[in-house]
Protein chains: 2
Amino acid sequence: MRNMSLREKKKIETKNRIFEVSGKLFKEKGFENTTIDEITKEAGIAKGTFFNYFPTKESLVFYFAEQKADLICDLTENEAVGHLHTKERIKKFLVSLAESYEKDKDLTKLLFFEYGRYIKSSGNAPDKDRNPHSRLMKVILDLLEEGIKKREVKVSVDTRIAAEALNAVYFHTLMVWLKSENELSFSRDISAKIDLLFDGIGD
Amino acid sequence: MRNMSLREKKKIETKNRIFEVSGKLFKEKGFENTTIDEITKEAGIAKGTFFNYFPTKESLVFYFAEQKADLICDLTENEAVGHLHTKERIKKFLVSLAESYEKDKDLTKLLFFEYGRYIKSSGNAPDKDRNPHSRLMKVILDLLEEGIKKREVKVSVDTRIAAEALNAVYFHTLMVWLKSENELSFSRDISAKIDLLFDGIGD
DNA sequence: ATTTAAATATGACCATGGTCATTAATGACC
DNA sequence: GGTCATTAATGACCATGGTCATATTTAAAT
């Protein structure tokens, strides 16, 4: 960070400024209602410069997504929850993840309603492991495998299938919740669904 | 259909022509790569006319989605599967739905990768019950409630929660499958996940 | 047949995302 | 400090989704 050329410093600074201004404007007026012109004007750069840093307007969303992805890792590391039941650990993880999203609800909405496009284009991206989707899968997979060792998860369970199911339920619940503006039901809903997944529907 | 004014006939005909031409072009070149100009040119109308029938380019996707939604209802009606176990009925329903999507994979992809936007804007739409999402939920809810009566589903299960979970898993699996180009794994995957949901993860 | 009002079609026009040839800033080397 | 190759900044320009005032067509009324 110290022995950096003027060029490199300016470059980073410009990228950050674009990022911050975008975030601010997106929160204020939403993604669609914010124009590149506004962003560049507020950031004090020319329009073309924007595209030197982000290939498209949408790519800003992916950049936000990656920032969020880092957060997922942090969440798993700094909590001592090893003693809890696997189900509770997963629940706790997903709920606290949701709570962190809650802090920045507008940005999160943006992220999730662009989710389809995100998935689409992140498929062949080189940063396959830097998106929230992959990170989440990995964390849940690890938890499930530990769960098997502790005999809290059926040995017969295919962890990939189970992780995908949990993942699906999580994203879907988050989506419905974000859409419905209902602030209260999310943790209850996700908890209920995790219980269901662990205990099963069948009689 | 017979005592229709010239006006009404023309109107319907024009809308259908736009719809057909769009579908054809979307399949050929994808959604993004097809321009309104091309559609209107091929349909033999002026650009402005397009917007008399569809408020936006995206709204075409919703129209496709609604057509698909009708199919979901058809699927439930014309099969005599009342004797099967609830789990198998749900499985059968979702797999045959997926098979029907498979016939028109390009259009289905389009539909699902615009899914985020679809969900977003269909939230306050007047045709709340005409989208695939709502239809699917309703069918699954009915099946689960029957399942409870037959004691094949735990009485303690909240059918809304369970239906949402099944829905989530279905859409997620379909999405992953569409993305991965892997033609073979879908029915196996969805079957495995439904089994998991019915039997539970926990030991 | 003529008039008139409503429905529909039209294409010039606008706003905005994105491109690219040109210009300016930077730093390595002398 | 001056030269030059490399890298970044620029804004005129383009393509396309979407608007709207105007023109045309239809159906009804006389």
Side-chain angles (χ1 to χ4, degrees), chain A residues 1-23 25-26 28-64 110 113-114 116-118 120-121, chain B residues 1-23 25-26 28-64 110 113-114 116-118 120-121:
Chain A
M1 202 65 184
R2 202 62 302 227
N3 52 357
M4 223 179 206
S5 70
L6 176 55
R7 236 183 201 154
E8 281 166 311
K9 270 192 282 182
K10 273 195 177 178
K11 212 173 160 183
I12 289 173
E13 208 186 296
T14 303
K15 183 159 190 174
N16 283 341
R17 207 160 60 253
I18 294 174
F19 183 61
E20 277 155 26
V21 167
S22 305
L25 292 177
F26 288 165
E28 276 173 29
K29 349 183 353 179
F31 182 72
E32 310 279 0
N33 297 324
T34 304
T35 66
I36 308 271
D37 275 342
E38 286 173 303
I39 294 170
T40 52
K41 210 167 157 189
E42 180 115 3
I45 55 171
K47 193 174 175 182
T49 306
F50 176 92
F51 292 97
N52 288 341
Y53 290 89
F54 297 95
T56 64
K57 190 184 173 187
E58 270 176 17
S59 70
L60 270 171
V61 177
F62 309 159
Y63 194 72
F64 281 111
L110 168 61
F113 292 131
E114 298 288 327
R117 288 165 185 268
Y118 181 69
K120 187 176 164 190
S121 52
Chain B
M1 201 66 183
R2 202 61 302 227
N3 52 357
M4 224 178 204
S5 71
L6 175 57
R7 241 188 195 149
E8 281 166 311
K9 271 191 281 182
K10 273 195 178 176
K11 211 174 162 181
I12 290 173
E13 208 187 296
T14 304
K15 184 159 189 172
N16 283 341
R17 208 160 60 254
I18 294 174
F19 183 59
E20 275 154 28
V21 167
S22 305
L25 291 178
F26 288 165
E28 275 173 30
K29 349 185 349 178
F31 182 72
E32 310 278 1
N33 297 324
T34 304
T35 66
I36 308 271
D37 275 343
E38 286 172 304
I39 294 170
T40 53
K41 210 167 157 190
E42 180 116 2
I45 55 171
K47 194 174 176 182
T49 305
F50 176 93
F51 293 97
N52 287 341
Y53 290 88
F54 297 95
T56 64
K57 190 184 174 187
E58 269 175 20
S59 70
L60 270 172
V61 176
F62 308 160
Y63 195 71
F64 281 111
L110 168 62
F113 292 131
E114 297 287 328
R117 288 165 185 267
Y118 181 69
K120 186 177 166 190
S121 53

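Reminder, nothing fancy here: chain letters follow the sequence lines and each chain counts from 1.
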### Side chain of B:Thr56 (C-beta onward), nearest among C:dG27, D:dA9, D:dG18
D:dG18

### Query
Can you find a pair of side-chain heavy atoms, one from A:Ile39 and one from A:Lys57, that are under 4.5 Å apart?
no

### Query
Think B:Lys11 has a side-chain N or O under 4.0 angstrom from the OP1 or OP2 of C:dA7?
no

### Task
Just call it for B:Thr35: base, sugar-phosphate, or nothing, with non-hydrogen atoms closer than 4.0 Å on any strand.
sugar-phosphate

### Summary
Paired to D:dA9 by Watson-Crick or G-U wobble criteria (both distances under 3.5 Å) is C:dT22

### Query
Where the side chain of A:Lys10 is concerned, which of C:dT10, C:dT26, D:dG11 is the nearest nucleotide?
C:dT26

### Message
When you measure only distances, ignoring hydrogens and angles, does the side chain of A:Arg7 come within 3.5 Å of the base of C:dA25 through a donor and an acceptor?
### Response
yes

### Query
Side-chain N or O of A:Lys47 less than 4.0 angstrom from OP1 or OP2 on D:dG11?
no

### Message
Let's test your reading of the model: under 3.5 Å, does the base of D:dA9 pair with the side chain of A:Asn52 as donor and acceptor?
### Response
yes

### Task
Side chain of B:Phe51 only, please: which of C:dG11, D:dT10, D:dG18 is the nearest?
D:dG18

### Task
Tell me, yes or no, whether the heavy-atom count around B:Lys29 atom NZ, taken from other residues, nucleotides or ligands under 6.0 Å, exceeds 12.
yes

### Query
So what does A:Ser59 touch, heavy atoms closer than 4.0 Å: a base, only the sugar-phosphate, or nothing?
nothing

### Query
What nucleic acid atoms does A:Tyr53 come within less than 4.0 Å of, heavy atoms only: base, sugar-phosphate, or nothing?
sugar-phosphate

